[in-house]
2 protein chains.
Amino acid sequence: MYDLVQPRNRIPANTESVDDYLKAILELGGPEEARVTSNALAQHLGVRAASVTGMLQKLALQKPSYVKYEKHHGVRLAPAGKMRALEILRHHRLLERYLHDFLDYSWDEVHDDAERLEHFISERLEDRIAAKLGYPETDPHGHLIPERNGALPPRQEVLLSKWACGVPAVVSSVSDRDSSALREMERLGLRPGVGIKVEAGTRGATVLVRIGSGVEPVRLSERLAAGISVLAGPAPAR
Amino acid sequence: MYDLVQPRNRIPANTESVDDYLKAILELGGPEEARVTSNALAQHLGVRAASVTGMLQKLALQKPSYVKYEKHHGVRLAPAGKMRALEILRHHRLLERYLHDFLDYSWDEVHDDAERLEHFISERLEDRIAAKLGYPETDPHGHLIPERNGALPPRQEVLLSKWACGVPAVVSSVSDRDSSALREMERLGLRPGVGIKVEAGTRGATVLVRIGSGVEPVRLSERLAAGISVLAGPAPAR
DNA sequence: GATCAAATTTAGCCATGCCTAAATATTATG
DNA sequence: CATAATATTTAGGCATGGCTAAATTTGATC
Ligand SMILES: [Mn+2]
Ligand SMILES: [Mn+2]
Ligand SMILES: [Mn+2]
Ligand SMILES: [Mn+2]
């Protein structure tokens, strides 16, 4: 009985679960790559904390370790894990842009399909998609697409809720996780690149903003505002 | 503790494995939907026969039974299983056509990527792809694409090795599983739609054929010939 | 119809990843 | 600093889908 080929276990490649954990650690750790707690991961992944612990222990073992894990103190990505997470993130954002630009998906439809397919596209498909798109820099929500080598230029984005009144800003990106929020933003003309100014008039966590060349300021619900990030920018055109 | 959402088990949908078994039964059963043996499945799927038995027993139980399974006598698809198998086959062939026509894949490159993605595309993506392609009838290898409702027109294809000498035929489809064979066929101008005539001169299982308007007959290896199916057709143009 | 080889199934394991319940560690508070 | 609340880990299971080795069944042959 010779060394049987096992098409299924063919390469000790990553499972969908492993990829999802790595990507979640990348996202939750933020640009500072802070430690991420088991609870945060559990919530983000829709899984119980006990399951997270189990997975983190496995990821920490691996031949080239994927994460640095200290019991009771959260995880960070190790270099190999960060590489892989960025690769998946690149898949996700390229797919979103492709579905949007070439297959008539609206920006609130792209996320779910990209979320699944990101785990299964080959290097070849990744490259062909990137080529067709002309090597784009951002996805339909304004998120930067990591380069093939994992490079991801940092950006000084700030949540809209943290932006000062009266200072002109430009929408840099919006969260892609809530499609009804995306449809609402679409309706309001709130998309990446649009100028925006926060007006005085905070009520709770809602924000009063003037969008683009809009005459009337609009009050954004907390949910909506929470999904918007901005950069310093010119005042809305008059 | 309320009814927790489990994003992973979200729908008791099919696993990749289940889909692969159903598709394999469809393919191995042929147009007559003959019973398929455990061994044949094991070989086709790259899995041990014991594993096949286990899976068949599970598929036979299922709420809407996927297969009719008689111990020691092979399986056939039950209606629900046939539906699902055709759905996956549709995905596969649409993907092959799309990768070929829109993403610059050569016909020997499409199979592997389609084989993986077929399990993960949404109804929405399936529809958008079909629309972009203009609702095509065949994939790049000449295989018919099942319709959305599972309809798959029968076709009187015959293996080239079974075709009579001298009777003009047209290549209807070629196997997509062996990419080096596909490159060879490409080189010879052997593609669906091309006229072909078998010449006298059988040697072993090789076949001597005149392709299209070719002057010199070509001898096809057994491996190559085994992947070609033909229909009755006009003589090659002179 | 007995016998034997090949095909198939059963039995018993293993790895993944998830879950609940029960420890245990950390952190915040008085 | 002791204690309580919170976070995290451990322990013990379950389902899926593989595998090997050991039955068992089938079907062909004499
Ligand atoms: Mn995912
Ligand atoms: Mn996005
Ligand atoms: Mn497959
Ligand atoms: Mn094909």
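So you know, we letter chains A, B, ... as the sequences are listed, proteins then strands, and number each from 1. Everything numeric here is computed off the predicted structure, so don't read it as measured data.
- Between R183(A) and D108(A) there is a salt bridge, since a side-chain N of the basic residue sits under 4.0 Å from a carboxylate O of the acidic one.
- For R48(B) and dG18(D), the shortest distance from a side-chain N or O to OP1 or OP2 is not below 4.0 Å.
- Under a 3.5 Å cut-off, the side chain of R128(B) and the backbone N or O of D104(A) do form a donor-acceptor pair.
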Solution key, residues 37-46 of chain A side-chain donor-acceptor pairs under 3.5 Å, sequence neighbours excluded:
{"residue": "T37(A)", "atom": "OG1", "partner": "A40(A)", "partner atom": "N", "Å": "3.1"}
{"residue": "H44(A)", "atom": "NE2", "partner": "R177(A)", "partner atom": "NH2", "Å": "3.0"}

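- Of the candidates E16(A), E115(A), E87(A), E115(A) is the only one forming a salt bridge (Lys or Arg N to Asp or Glu O under 4.0 Å) with K23(A).
- Toward the 5' end of DNA chain C, the nearer of the two residues L56(B) and K71(A), judged by each one's closest nucleotide, is L56(B).
- When the C1' atom of dC14(D) is taken as reference, atom NZ of K58(B) falls 13 Å away, rounded to whole Å.
- Nucleotide dC19(C) holds its P atom 10 Å from the CG atom of L45(A), rounded to whole Å.
- Considering only the side chain of M55(A), dG17(C) comes nearest among dG17(C), dT9(C), dG18(D).
- With distances taken from any side-chain atom of S51(B) to the nucleotides dC19(D), dA25(C), dC18(C), the minimum falls on dC19(D).
- Listed nucleotides dT10(D), dT8(C), dA11(C) differ in distance to T53(B); the shortest reach to its side chain belongs to dT8(C).
- For residues 72-82 of chain A, the set of pairs meeting the side-chain hydrogen bond (donor to acceptor under 3.5 Å, both in side chains) definition, not counting sequence neighbours, comprises E33(A)-K82(A).
- Of all nucleotides listed (dT27(C), dT9(D), dT16(C)), dT27(C) comes nearest to the side chain of H73(A).
- Relative to the side chain of N39(B), the nucleotides dT9(C), dA7(C), dC18(C) differ in distance, and dA7(C) lies closest.
- Closest to the side chain of Y21(B), from the set dT8(D), dG18(D), dT16(D), is dG18(D).
- Taking every side-chain heavy atom of S17(A) into account, dC18(C) is the closest of dC18(C), dT16(C), dG17(D).
- Within 4.0 Å of S38(A), counting heavy atoms only, lie sugar-phosphate atoms of the nucleic acid but no base atom.
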Listed pairs, N/O of protein and of nucleotides 1-4 of chain C, under 3.5 Å:
none

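- Atom CD in E16(A) sits roughly 10 Å away from atom P in dC18(C) (whole-Å rounding).
- For the pair Q62(B) CD and dA15(D) P, the computed distance is 15 Å after rounding to whole Å.
- Side chain of R35(A) to backbone of G74(A): no donor-acceptor contact under 3.5 angstrom is found.
- Atom P of nucleotide dG17(D) and atom NE2 of H119(B) are separated by 12 Å, given to the nearest angstrom.
- Close placement of the H92(A) and H111(A) rings is indicated, their centers lying within 6.0 Å of each other.
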